[in-house]
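Presented below is the structure to which this report refers.
This is a predicted model, so every value here is computed, not measured.
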Amino acid sequence: MRSIIRFIIKNHFTILFILIELISLLFVFNYNSYQRSVFLSSSNHVTGGLYESYSNSTEYLMLKQINNELAQENAYLRSRLPESFKASRDYFNLVFDSLSQQEYIYRAAKVINNSTNKRLNYLTLNKGRNHGLEAEMGVISSKGVVGIVKNISDNYSTVISILNTRLKISAKLKSSGYFGALEWNGGNYQFAHLKEIPRHANVNVGDLVVTSGYSSIFPSDILIGHVEEVNLNQGESFYDIKVKLSVDFKNLSYVEVIGHPLKKEQVELEQETEND
């Protein structure tokens, strides 16, 4: 208390001057419309700037939550697309049961680890067995195919990336329907190669490459990339097609894991046919 009193006594002229200035400004703004409007305009500008900065900061802090909500919504909407259902038609009726006939279910997940600089690249997701994930589920992003689930724990899963020399994906040229095997040769992370396309097929630079649908993992027509280069060595029967991947694996945060409730039935039937 004594310190405050000493401070006031020592600086009483300065304090008095400031008080007189404030009172003077108050009279000026109260009795002069022009000065009052200028003051209000300036104060609104400052206040608006502060509110905008606060809002921007709040939005930035909420980006993680917003991105997660968007990923969940995208997965739900993709699950409701007509392509995710299997319709059964016979002579009498058309069955379109959203419970028993849903062929594909999409679940959102976040990438928490990723590599692109090895020959055997993997991703780690923050979802696992407790979230409905299983081994050999397809993984995609909003840009296209990412890979296939390999191992599962209760809360995490690892994914074999397209950028893995051990992975082959059944793919086709969207324009013509010719299909082959897409594989990565361990080189540039932006490119893979589409093999087994016969030389009589019509292939052009820029053609879209999509999933063939000839497996129980991926639905058909999910984007993989586009034709960057077409090569045909003399005496060869198949093209070597260089594909620019649509997914940027160095900028991958959220993915969708594809569940296939009818997969077991399809796989068992195919295995039974192969063993006949």
Kindly work out whether a path of hydrophobic side-chain contacts (I/L/V/M/F/W/Y, heavy atoms less than 4.5 Å apart) joins [X] to [Y].
X	Y	result
Leu167	Leu223	no
Val210	Ile241	no
Phe179	Ile169	no
Leu232	Val243	yes
Ile162	Leu120	yes

**Request:** Give a yes or no on whether a salt bridge exists between Asp207 and Lys174, defined as a side-chain N under 4.0 angstrom from a carboxylate O.
**Result:**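 The answer is no: the pair does not qualify as a salt bridge.
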Flag the pair [X] / [Y] as yes when at least one side-chain heavy-atom distance between them is below 4.5 Å, and no otherwise.
X	Y	value
Ile224	Thr211	yes
Leu173	Val203	yes
Arg107	Glu256	no
Ile197	Phe238	no
Val205	Glu229	no
Asn202	Asn204	yes
Val209	Val227	yes
Leu123	Thr158	no

**Message:** Run the side chain to side chain donor-acceptor pair (under 3.5 Å) test against Asn121 and tell me which residues pass, sequence neighbours left out.
**Reply:** Ser115
For [X] and [Y], which heavy atoms make the closest approach, and how far apart are they?
X	Y	value
Ser212	Ser220	O-CB, 3.6 Å
Tyr214	Ser170	CB-OG, 4.0 Å
Thr165	Gly186	CG2-N, 3.8 Å
Tyr106	Ile140	CE2-CD1, 3.9 Å
Val149	Ser157	CG1-CB, 4.3 Å
Ala135	Ile152	N-CG1, 3.7 Å

Rounded distance [0.5 Å steps], [atom1] in [X] versus [atom2] in [Y]:
X	Y	atom1	atom2	result
Arg166	Ser161	CZ	OG	14.0 Å
Thr116	Trp184	OG1	CH2	8.0 Å
Met137	Ile258	CE	CD1	9.5 Å

**Item:** Audit row: Gln190, Leu245, side chain to side chain contact (heavy atoms under 4.5 Å, CB included) steps and yes/no
**Value:** CA-CA 6 Å; Gln190 295 180 306; Leu245 298 175; 5.9 Å; no
**Residue among Asn114, Val111, Val255 satisfying side chain to side chain contact (heavy atoms under 4.5 Å, CB included) with Val146** = Val255
**Message:** Which residue in the set Leu194, Leu208, Leu182, Asp221 passes side chain to side chain contact (heavy atoms under 4.5 Å, CB included) when paired with Lys172?
**Reply:**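 It is Asp221; the other options fail the test.
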**Asked** Under the side chain to side chain contact (heavy atoms under 4.5 Å, CB included) criterion, do Asn233 and Asp240 qualify, and how do the steps go?
**Response** CA-CA 8 Å; Asn233 296 325; Asp240 179 8; 5.8 Å; no
More than 12 heavy atoms of other residues, nucleotides or ligands under 6.0 Å from [atom1] of [X]: is that the case?
X	atom1	result
Tyr156	OH	no
Lys195	NZ	yes
Glu228	CD	yes

**Request:** In sequence, state the C-alpha distance, the side-chain angles, and the governing distance for His200 and Tyr178, and then conclude on ring pair (Phe, Tyr, Trp, His ring centres under 6.0 Å).
**Result:** CA-CA 10 Å; His200 61 266; Tyr178 282 97; 5.6 Å; yes
**Message:** Less than 6.0 angstrom from the centroid, inside 45 degrees of the normal: does Lys250 satisfy that with respect to the ring of Tyr189?
**Reply:**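 Yes; both conditions hold, so Lys250 lies above the ring face of Tyr189.
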Answer yes or no: is there a donor N or O on one side and an acceptor on the other, between the side chain of [X] and the main chain of [Y], under 3.5 Å?
X	Y	value
His260	Ile217	no
Lys127	Ala108	yes
Ser246	Lys143	yes
Tyr239	Arg199	yes

**Item:** Criterion side chain to side chain contact (heavy atoms under 4.5 Å, CB included) on Asn155 and His131, from CA distance to verdict
**Value:** CA-CA 7 Å; Asn155 297 296; His131 307 91; 3.8 Å; yes
**Asked** Do Glu183 and Asn185 have side-chain atoms, one donor and one acceptor, less than 3.5 Å apart?
**Response** no
